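Please read these numbers as outputs of a predicted model, since none were measured by experiment.
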Amino acid sequence: MERATMVRPSSTFVKINKKKLWVSLAIAVLSLCFVPINVSAAVRRETPQQHHLSRKPSPKLRFGRNGEFKILQVADMHYADGKTTPCEDVLPSQVDGCSDLNTTAFIHRMIEAEKPNFIVFTGDNIYGFDSKDSAKSMDAAFAPAIAARIPWAAVLGNHDQEGTLSREGVMKHIVGLNHTLSQLNPSELHVIDGFGNYNLEVGGVEGSGFVNKSILNLYFLDSGDYSTVPAIPGYGWIKPSQQLWFQLTSAKLRRAYMSPPNAQKSSAPGLVYFHIPLPEVASFDSTNFTGVRQEDIGSASVNSGFFTSLVEAGDVKAAFTGHDHVNDFCGQLTGIQLCYGGGFGYHAYGKAGWPRRARVVVASLEKTEEGGWGTVKSIKTWKRLDDKHLTAIDGEVLWSKKHTGKVE
């Protein structure tokens, strides 16, 4: 997200006749599936770097033998040129020697402390405008995850494409890196807006009855950068084509989860990751969220209805975004937790004296009557601060089969 000089979009939302839009879009997509179309002809294409050709495959995601799956969210690194790139908004005592390398060190500390099963980078991974070479900046930004051989995924923010690569080029570079599970777009669709729309399935514990079943579903979407419609100012949004893909994917996963073997009675829980927060996040105040709100909500000025799509699908329990660096709260609306990651990067704007932070999410399994591992029973979260002790704060239950609330 931009600094305070960014003009905030109007709070007046443009309403969309969603039902008619879905029908029209479905017809369009079905007809286009039989016609070879290059929807990105106007976007410059870059050849992936040579070293990507030796990319090492990543293993399938699954719960560990301890019955947990832990995700580290890294929001808004704003990485540029490493040690020559200065920090923003730090205390006077921190200025000397502070650079992108502080961001790198924070990731290493988080990996060592939490030992996540998976890392998600939720956009503005690099600050393209200050980067001399976008590919090299991304290589450095994601290097800690790659070095640790931890599976990881990324979505795009509104600044990633402002350097030497287009938005498509940035995502193609990410897809070519080692140990990533990121995808350019769904292979089954010929037409979809943006780059980096995909889903990942998390299987049950090895040796359990759910080893070949996805018991936690992860969705990733491109929330865009800025509006391309002259009459609509401000940031981008999740488009109808992306929402249709999400709905079809959610329905497919629900059918699989409710089919033999070990057929279940409802959908597996899902988590969704994208960069720009939804307009509905503005409905929260200090009485109904956990964390802090220290700046306006930087959502699009058009409400495209994606939150309604999430509610209708019925499987998503939480959505995680970045973009607003000094907001780090979670709030529940209509059964879905809407959460910020909190500003992570040192070249991103922040608040001096307010530590950079990261969000951790852990899904835990229940025990079966036979004593083995079953399906997901709860999803918890907390944040860690980049201070001397990596202080953990704001622990809470995002979802469980019984209740939600603060961790005791």
Side-chain angles (χ1 to χ4, degrees), residues 1-3 5-7 9 38-49 52 74-82 85 88 100 103 120-143 152-177 180 182-186 191-198 220-230 232-239 241-242 273-277 298-300 302 304 321-325 341 343-345 347-349:
M1 182 180 171
E2 302 277 356
R3 279 187 153 279
T5 54
M6 173 69 188
V7 178
N38 182 356
V39 295
S40 302
V43 181
R44 68 184 187 276
R45 296 177 180 271
E46 293 81 4
T47 302
Q49 299 295 313
H52 292 179
V74 177
D76 297 273
M77 288 189 291
H78 279 231
Y79 211 94
D81 294 329
T85 300
E88 299 282 345
D100 277 339
T103 301
V120 181
F121 298 91
T122 50
D124 283 1
N125 307 301
I126 64 171
Y127 191 67
F129 185 79
D130 287 346
S131 169
K132 294 177 183 177
D133 185 319
S134 293
K136 289 182 179 179
S137 294
M138 282 187 282
D139 291 347
F142 300 124
W152 61 276
V155 294
L156 301 181
N158 54 295
H159 290 305
D160 294 285
Q161 78 293 337
E162 294 174 341
T164 58
L165 292 175
S166 67
R167 200 165 182 82
E168 180 183 18
V170 168
M171 199 65 211
K172 280 186 172 181
H173 187 89
I174 290 172
V175 168
L177 293 173
T180 189
S182 306
Q183 299 171 31
L184 184 63
N185 266 330
V191 178
I192 190 169
D193 287 280
F195 301 98
N197 303 287
Y198 55 102
F220 306 86
L221 294 103
D222 180 2
S223 54
D225 48 12
Y226 302 97
S227 172
T228 57
V229 181
I232 303 175
Y235 295 113
W237 57 89
I238 295 173
K239 305 297 197 305
S241 64
Q242 298 166 279
Y273 291 88
F274 50 94
H275 182 68
I276 297 174
S299 60
V302 56
S304 67
T321 62
H323 193 56
D324 301 332
H325 305 177
F344 190 101
H347 186 52
Y349 77 83

List the residues meeting side chain to side chain donor-acceptor pair (under 3.5 Å) with Ser134, not counting sequence neighbours, and say none if there are none.
Thr164
Who passes side chain to side chain donor-acceptor pair (under 3.5 Å) against Thr103, sequence neighbours left out?
none
With no hydrogens and no angle check, just 3.5 Å: does a side-chain donor-acceptor pair link His323 and Asp76?
no
Which residues pass the side-chain contact (heavy atoms from CB on, under 4.5 Å) test with Ala140, sequence neighbours left out?
Tyr79
Test of understanding: with side chain to side chain donor-acceptor pair (under 3.5 Å), list the residues that count as partners of Asn185, not counting sequence neighbours.
Asn197
Strictly distance-based, threshold 3.5 Å: is any side-chain N or O of Asn125 a donor or acceptor partner for the main-chain N or O of Val155?
yes
Here the pair of heavy atoms bringing Asn158 nearest to Asp124 is N-OD1, 2.8 Å
Checking Arg167 side chain against Asp160 main chain: does a donor-acceptor pair fall under 3.5 Å?
no
Which residues satisfy the side chain to side chain donor-acceptor pair (under 3.5 Å) test with Asp225, sequence neighbours excluded?
Gln161
Apply side-chain contact (heavy atoms from CB on, under 4.5 Å) to Thr85 and list each qualifying residue two or more places apart in sequence or on a separate chain.
Ala80, Asp81, Asp100, His347
Mind checking ring pair (Phe, Tyr, Trp, His ring centres under 6.0 Å) for Phe220 and listing every partner two or more places apart, or none if nothing turns up?
Tyr198, Tyr273
Aromatic ring pairing Tyr226/His159, orientation class (parallel under 30°, perpendicular over 60°, tilted between):
perpendicular
Residue set satisfying ring pair (Phe, Tyr, Trp, His ring centres under 6.0 Å) with Phe344, at least two apart, ordered chain then number -> Phe106
